[in-house]
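First up is the structure itself, then whatever we jot down about it.
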There are 2 protein chains.
Amino acid sequence: MMGHMSLRHAVLGMLADEPGSGYDLLRRFERAMANVWPATQSQLYGELGKLETAGMIHVLAEGPRGRKEYEITEAGRAELRHWLVDVDPGGPPRSAALLRVYFLGSVSPAQARGYVASMGESARAREERLDELEGSIDWGDDNQSLYGRLVLEWGKRFSAMQREWAEWAVKQVE
Amino acid sequence: MMGHMSLRHAVLGMLADEPGSGYDLLRRFERAMANVWPATQSQLYGELGKLETAGMIHVLAEGPRGRKEYEITEAGRAELRHWLVDVDPGGPPRSAALLRVYFLGSVSPAQARGYVASMGESARAREERLDELEGSIDWGDDNQSLYGRLVLEWGKRFSAMQREWAEWAVKQVE
DNA sequence: TATGACATGTAACTAGTTACATGATTCA
DNA sequence: TGAATCATGTAACTAGTTACATGTCATA
């Protein structure tokens, strides 16, 4: 049944938007995807090789310094649509931050409070970053802007939720 | 610097609460941890072996059918506290659900709306499950109850956030 | 001419999943 | 006695990380 392989689909999704090299993709992952689906350079080049072998992308042009610009193929688009529509996305992912909360009984209440407070603080910092980011992008009315805004809004709501939870939780540990 | 290895700490955290066998732990992971840090049987037995070699747990008693009951050692408790207090928990984890939202431009608006709506629906179902769970547990005033309630509350708030976001997002895709 | 950005790739490792394999004990 | 549960373990795989390795091109 082929496992999950979401990196594959992240790459296909980006190339569906526009062609690019591994190097391009790496920067796109760093810029737009860092908080949703981080990927390393190693992984990216490996996946591009596999996708080419599988016929889901092909080399559109070769540039200087060995640059290979990839374009998604019709098979690649079909696989992307299949994943978007037919494959179950699964539940919420592992959370190391929450895992710790379970075990805070192993440290002093003051340390536990400190940990929860720091979760709130990092959520607040993330909220600020996302607000800035939102202001710095000039949103068009294309699909990318539309769905990008949905993701950004999710991040903002998530961060606000976590900050509010932390404020509440700090009081519980007293 | 030893990587993240949160499974190791999840096991230590559970054994810090009370001793148990691999089989016990597996059921505890299924019951209490399924949504925060799922683990497979394979991984669990492997990790128990490594933790024993590392001197962080030891066999307290052997029972029928080869059962080995493990207890955390002082070294194990120290490692757990170290992880809880000193190690940076890192940002929000990968989210396959959100990753898809980025790429919904590749399918029809109706399909995109359907996907977002299904995210809302699964969040609603999770909210209900968590409400039921909360009602079914008789909470004491021990540490486990306290921190368990914090985690449950986080889950409820997360689910509510996702449901509300989805309701909002469905309207945006129109 | 040397620095920094561009550009790709491999090796060795850790983490996690799925499937297989085996056997003991309980109880209907 | 047969099925369910208890109980542990291994093999083969996929996914992801870190470090290493190499070389090109633009420009100050």
Side-chain angles (χ1 to χ4, degrees), chain A residues 1-12 19-31 33-54 57 59-70 83 87-88 90-91 93-96 99, chain B residues 1-12 19-31 33-54 57 59-70 83 87-88 90-91 93-96 99:
Chain A
M1 266 282 178
M2 276 215 283
H4 271 136
M5 292 180 305
S6 295
L7 175 67
R8 158 162 304 193
H9 300 104
V11 169
L12 288 174
S21 66
Y23 196 83
D24 291 339
L25 253 20
L26 183 61
R27 281 175 310 172
R28 289 200 232 168
F29 266 87
E30 279 163 0
R31 256 185 66 263
M33 222 65 126
N35 293 306
V36 169
W37 206 271
T40 60
Q41 176 261 8
S42 230
Q43 230 186 325
L44 225 37
Y45 283 106
E47 195 61 45
L48 285 169
K50 285 181 215 160
L51 282 167
E52 197 190 4
T53 302
I57 61 176
V59 177
L60 180 63
E62 303 205 22
R65 282 162 289 195
R67 175 188 172 93
K68 287 188 276 184
E69 191 163 24
Y70 291 100
W83 175 73
V87 179
D88 180 70
R94 288 184 165 80
S95 167
L99 180 62
Chain B
M1 265 280 179
M2 273 216 285
H4 271 135
M5 291 181 306
S6 294
L7 175 68
R8 159 161 303 192
H9 300 104
V11 169
L12 288 174
S21 66
Y23 195 83
D24 290 340
L25 253 20
L26 183 61
R27 281 175 311 171
R28 288 200 232 167
F29 266 88
E30 279 163 359
R31 257 185 64 263
M33 223 65 123
N35 293 305
V36 170
W37 206 271
T40 61
Q41 176 261 8
S42 232
Q43 230 188 324
L44 226 37
Y45 283 106
E47 195 60 46
L48 284 168
K50 286 181 215 160
L51 282 167
E52 196 189 6
T53 302
I57 62 176
V59 176
L60 180 64
E62 303 205 23
R65 283 162 289 196
R67 175 188 171 91
K68 285 189 278 185
E69 192 163 23
Y70 291 100
W83 175 74
V87 180
D88 180 71
R94 287 184 166 79
S95 167
L99 180 62

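Given the structure is predicted, the values throughout are model-derived calculations rather than measurements.
Considering only residues two or more places apart in sequence or on other chains, T40(B) meets the side chain to side chain contact (heavy atoms under 4.5 Å, CB included) condition with S42(B), Q43(B). Considering only residues two or more places apart in sequence or on other chains, R65(A) meets the side chain to side chain contact (heavy atoms under 4.5 Å, CB included) condition with none of them. Here L25(B) pairs with V11(B), M14(B), L15(B), R28(B), L44(B), L48(B) under the side chain to side chain contact (heavy atoms under 4.5 Å, CB included) rule; sequence neighbours left out.
Between the NZ atom of K50(B) and the CD atom of E47(B) there is a distance of 5.0 Å, given to the nearest 0.5 Å.
Less than 4.0 Å separates DNA chain C from at least one heavy atom of each of the following residues of residues 35-42 of chain A: Q41(A), S42(A).
Looking at heavy atoms from C-beta onward, Y70(B) lies in side-chain contact with V59(B) at the 4.5 angstrom threshold. Looking only at side-chain heavy atoms (C-beta outward), E69(B) and P19(B) come within less than 4.5 Å of each other.
Atom CZ of F29(B) and atom P of dA15(C) are 14 Å apart (whole Å). Look at CG on L44(B): it is 14 Å from P on dT10(D), rounded to the nearest Å. What separates CE of M5(A) from P of dG16(D) is a distance of 10 Å, to the nearest Å. Atom OH in Y45(A) sits about 19 Å away from atom P in dA19(D), given to the nearest Å.
Distance from the side chain of Q43(B) is smallest for dA15(C) among the nucleotides dC25(D), dT8(C), dA15(C).
Here R94(A) does not reach the OP1 or OP2 of dG16(D): none of its side-chain N or O atoms lies under 4.0 Å away.
Along DNA chain D, the nucleotide nearest K50(A) and the nucleotide nearest E69(B) are compared for position; the residue whose nucleotide lies closer to the 5' end is E69(B).
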With B for base contact, S for sugar-phosphate-only contact and - for none (protein heavy atoms under 4.0 Å), nucleotides 1-6 of chain C reads -----B
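Side chain of S21(A) to backbone of D24(A): a donor-acceptor contact under 3.5 angstrom is found.
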